[in-house]
Structure formats: C-alpha cells, structure tokens
Amino acid sequence: MKTDIRNLDLNLLKALDALLDERSVTRAAERLALTQPAVSGMLTRLRECFDDPLFTRVQRGVVPTMRALELAQPVKAILAEVSELLQPKAFDAATAEMTIKIAATDYALRAVIVPFMAALRVQAPGIRVAVLPVNNEQLSAQFERGDIDIALITPDSAPPDLHARSLYDEEYVCLMREDHPLSAQKDLTLDSFCAQDHALVSYLGGNFKGVTDEALASIGRSRRVTLSVCSFLVLPEILRVSDLISVVPRRLTHDLPGLKVLPPPLAIQGFNKIVVWHERTHRDAGHRWLRELLFSTAV
DNA sequence: TTATATTACTCGTGGCCGCA
DNA sequence: TGCGGCCACGAGTAATATAA
C-alpha cells in the first residue's frame, strides 16, 4: 500500500515517535500504556502507510531504517504543534486586538456601556466595541450569524437557548430640574406628583403610558404625560428647560448637573438587567474576560 | 533467552436501514 | 427527522509462535 493520509492517525504518529525513541516495541508499548501486540499492530499499519519496513528486528529490539530516521524530526514537530493546538489559548487583555458587538438600548448604553468603556480603555486599549440597537425578534438569529456577541436586555425578552447572567436590579426615581417648584419638597407627595405634567421614554416611540401609569392605576390614580420621547439621552436636556418631571431608572441620574432626584411617591416595579450571550462565544477566553469586566463595572 | 509477530477473540464505534 | 436495531470493521488484549 502506498502512503495514504487517510490510513494515518495521530495515534500511529505517537507510536512511531515512541518507537523511534525507545527502539523497542515492548518499551514503546509501556510508554503508550498499550500492550506489545497492540504496538506491533500499529507498526504494521505504519509500514503500510509509509511503504517501508521502518524498523528491522535485531537481537534486543528494533532499529530504524533510513526512512524512519528521516521521519523522526517531522513527526516530533507535528506532535508538538498538535499538543499546542489543544492547549487553551491564553488571553492577554493589554495586547488583545478584537471587536466585540454589543446589542444595547440607549438606557444600557449609558448605565452599562459607559462605565464598561472607561475600564476597557485602560485595561484593553486594542479592543474595539460596536454598540447596536436591540432587536428582540431577531436576537437568536443575530447571535447565530455572529452579528452580535453580547446583548443587554431584560429577562422577559431573553431567548431560552442563550447563556444569561443577571447584571443588577434597577429601580425608578423621579427626575426634575434643580429649581423646579416641586424640588423644594423633602418628600414628593402623590397629589403634587399626579398634578404635574410628565415626560416619559417610550422605546418603540409614541406610547404615553408606562410602568408608572400601571402603578398609579393600581391605586386608582393617574397622571398626565405630555411628552413621549424614544431616547433616554435627550430627556435631561428637556427636563432642564421645562417644568416637566420624569420617572427614570436610577442609574441614568448619575452626573446630571442642574437636575434633582427625588424618590417617587408610590411603589413602582423596577426591572432586572441581564447579559446574554451565545454558546459560540461561551468558552472563548477573550469573550469571557470581556463579560467579567462587564459584570465588574456594572454596579 | 528475549523480544517481535501472529492468531483468535472481544469490544466499541459508525454506517445503514426501517419505523414511528 | 429522530430513534433503535443490526451489522461490519477496526483496534485492543491474551495466548502463542517465531526470529535474532
């Protein structure tokens, strides 16, 4: 039989390597944790593969042919490369160069991505981040195609086939301009809260009701929402130049000069923010490091 | 005498096929 | 399309034959 890669496997190369080192079928078998006949059989298959006797029998063992000696170094090199291939690739954040794609709402952008980026720039300056809008209906497909690597969402919109971990529990607070008439109140009353004109964020746009209205309805009260915007990011500017107040997630109220935060006068159900990712990136050292950084920077 | 090669057998795996 | 049964094949072992 002529040399045919289809009949050659790594175990045969390991046997050839052991035979070249030991010059004995019996000792090669001991090294490979096999029996002598097993290695003898492997030698037979090696002889067929390379169309050469490879080893000739002598009084105490076997001696390699010229062909076998030629193979010694290439075989060792191949086995070393395979061994290296099987080692998990080390990840060095300081020198890593990669792009991570994160699906996030503008809320998550400010609450999670901003502190994440501050730490990332220091620890891994070679890593680029692309933030994409969240598309709940397409999330699984986007992960499968590799369009996104991580998504920052709420548990109710998480597909069951993804890995998920809770990031934090968010609560709502009331936000208004610093010199707003209501800001003088130590505790915002329900009556003054309901009497005020409100602004809210409707992620899909155009909606004038949210979790605050549901909480009010449950106690038989209501409010007037006069502005609905589709982004959290413009809300502070609007509140600074108007008498509108707004109920917003607490993490959006950090570092907002000219605005005041008060606890809402009723219980409003908060929400849980989670991170989801696909099996495709689950074990990758770089992605694992990035996820841990995300968890450590989200407070 | 000692080490290698061969033989007979066992066991695990993968391909094929029929069935629900 | 998935599952289970059947079969063939390869690789292993123990026992034994053979060669240096």
Side-chain angles (χ1 to χ4, degrees), chain A residues 1-90 101 103 132 134-151 153-166 274-285 287-288 291:
Chain A
M1 183 188 290
K2 292 197 171 178
T3 305
D4 187 344
I5 190 95
R6 287 172 297 183
N7 298 320
L8 192 65
D9 63 35
L10 275 178
N11 286 330
L12 289 185
L13 290 186
K14 282 171 67 180
L16 178 55
D17 184 52
L19 284 163
L20 283 160
D21 285 349
E22 302 294 341
R23 310 284 168 103
S24 159
V25 175
T26 302
R27 287 196 298 276
E30 288 170 3
R31 183 166 134 185
L32 296 167
L34 295 170
T35 58
Q36 175 268 322
V39 175
S40 178
M42 292 168 104
L43 178 55
T44 300
R45 296 199 295 279
L46 281 163
R47 284 166 171 157
E48 289 171 352
C49 282
F50 289 100
D51 196 23
D52 185 273
L54 296 175
F55 294 88
T56 53
R57 194 168 171 176
V58 292
Q59 182 132 19
R60 298 188 70 83
V62 290
V63 291
T65 63
M66 293 302 292
R67 179 77 173 117
L69 289 172
E70 285 171 10
L71 293 168
Q73 283 309 312
V75 165
K76 279 203 181 300
I78 289 168
L79 292 174
E81 281 190 28
V82 171
S83 177
E84 191 179 346
L85 193 66
L86 294 173
Q87 298 299 317
K89 205 173 177 182
K101 289 162 275 187
L132 293 85
V134 174
N135 183 341
N136 287 333
E137 285 73 31
Q138 291 292 312
L139 215 49
S140 288
Q142 286 179 305
F143 271 114
E144 283 169 14
R145 288 195 303 265
D147 291 347
I148 55 176
D149 302 310
I150 285 174
I153 57 177
T154 50
D156 55 311
S157 54
D161 55 334
L162 297 176
H163 293 277
R165 183 170 150 187
S166 176
I274 64 169
V275 179
V276 296
W277 64 94
H278 193 264
E279 175 67 21
R280 183 174 51 78
T281 59
H282 184 57
R283 290 170 182 79
D284 180 79
H287 282 86
R288 282 166 60 180
R291 289 196 296 270

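Chain identifiers are assigned alphabetically (A, B, ...) following the order of the sequence lines, protein sequences preceding nucleic acid strands; residue numbering begins at 1 within each chain. As the structure is a prediction and not an experimental result, all values here were calculated from the model.
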J.: Taking side chain as C-beta onward, heavy atoms only, is Arg47(A) less than 4.5 Å from Met42(A)?
T.: no

J.: Walk along nucleotides 13-20 of chain C from 5' to 3' and tag each nucleotide B, S or - by protein heavy-atom contact under 4.0 Å, base first, then sugar-phosphate.
T.: BBB--BBS

J.: What pair of heavy atoms forms the shortest contact from Val134(A) to Ala103(A), and how long is it?
T.: CG2-C, 3.7 Å

J.: Which residues within residues 15-23 of chain A lie with some heavy atom under 4.0 Å of an atom in DNA chain B?
T.: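 DNA chain B contact set from residues 15-23 of chain A: none.
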
J.: Give me the atom names and distance for the closest heavy-atom approach of Ala158(A) to Ile274(A).
T.: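 Taking every non-hydrogen atom into account, CB-CD1, 3.7 Å.
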
J.: Examine the side chains of Glu279(A) and His163(A) and answer whether a donor and an acceptor come within less than 3.5 Å of each other.
T.: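 Yes, side-chain donor-acceptor contact under 3.5 Å.
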
J.: Ser40(A) and Val25(A): which non-hydrogen atoms are nearest, and at how many Å?
T.: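 Closest heavy-atom pair between Ser40(A) and Val25(A): N-CG1, 3.9 Å.
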
J.: Counting only heavy atoms not in Lys76(A) (residues, nucleotides, ligands), do more than 12 fall under 6.0 Å from its NZ?
T.: yes

J.: With salt bridge (charged side-chain N to carboxylate O under 4.0 Å, His left out) as the test, would you mind laying out the steps for Arg31(A) and Asp17(A) before giving the verdict?
T.: CA-CA 11 Å; Arg31(A) 183 166 134 185; Asp17(A) 184 52; 3.3 Å; yes

J.: Could you pull out the closest heavy-atom pair between Ile148(A) and Arg280(A), with the gap in Å?
T.: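 Closest approach of Ile148(A) to Arg280(A): O-NH2, 3.2 Å.
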
J.: Side-chain N or O of Ser24(A) less than 4.0 angstrom from OP1 or OP2 on dT4(B)?
T.: yes

J.: Separation of Asn11(A) atom CG from dG12(C) atom C1', in whole Å?
T.: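 It works out to 12 Å between those atoms.
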
J.: Whole angstroms only, please: what is the CG-C1' distance between Leu10(A) and dA11(C)?
T.: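 Spelled out: CG on Leu10(A) to C1' on dA11(C) is 16 Å.
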
J.: Using atom CZ of Phe55(A) as one end and atom P of dA3(B) as the other, report the distance to the nearest whole Å.
T.: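 Going from CZ in Phe55(A) over to P in dA3(B) covers 17 Å.
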
J.: Mind calculating the distance between CE (Met42(A)) and C1' (dG10(C)) to the nearest angstrom?
T.: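 So the two atoms are 12 Å apart, to the nearest Å.
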
J.: Expressed as a whole number of angstroms, how long is the span from Glu48(A):CD to dA11(C):P?
T.: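 To the nearest whole Å, that distance equals 10 Å.
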
J.: Provide the closest heavy-atom pair for Leu20(A) versus Pro64(A) in the form atom of the first, atom of the second, distance.
T.: CD2-CB, 4.1 Å

J.: Taking only side-chain nitrogens and oxygens of Arg47(A), does any of them come within less than 4.0 Å of OP1 or OP2 of dA5(B)?
T.: yes

J.: Once you round it to whole Å, what is the distance between C1' of dA3(B) and CD of Glu30(A)?
T.: 12 Å

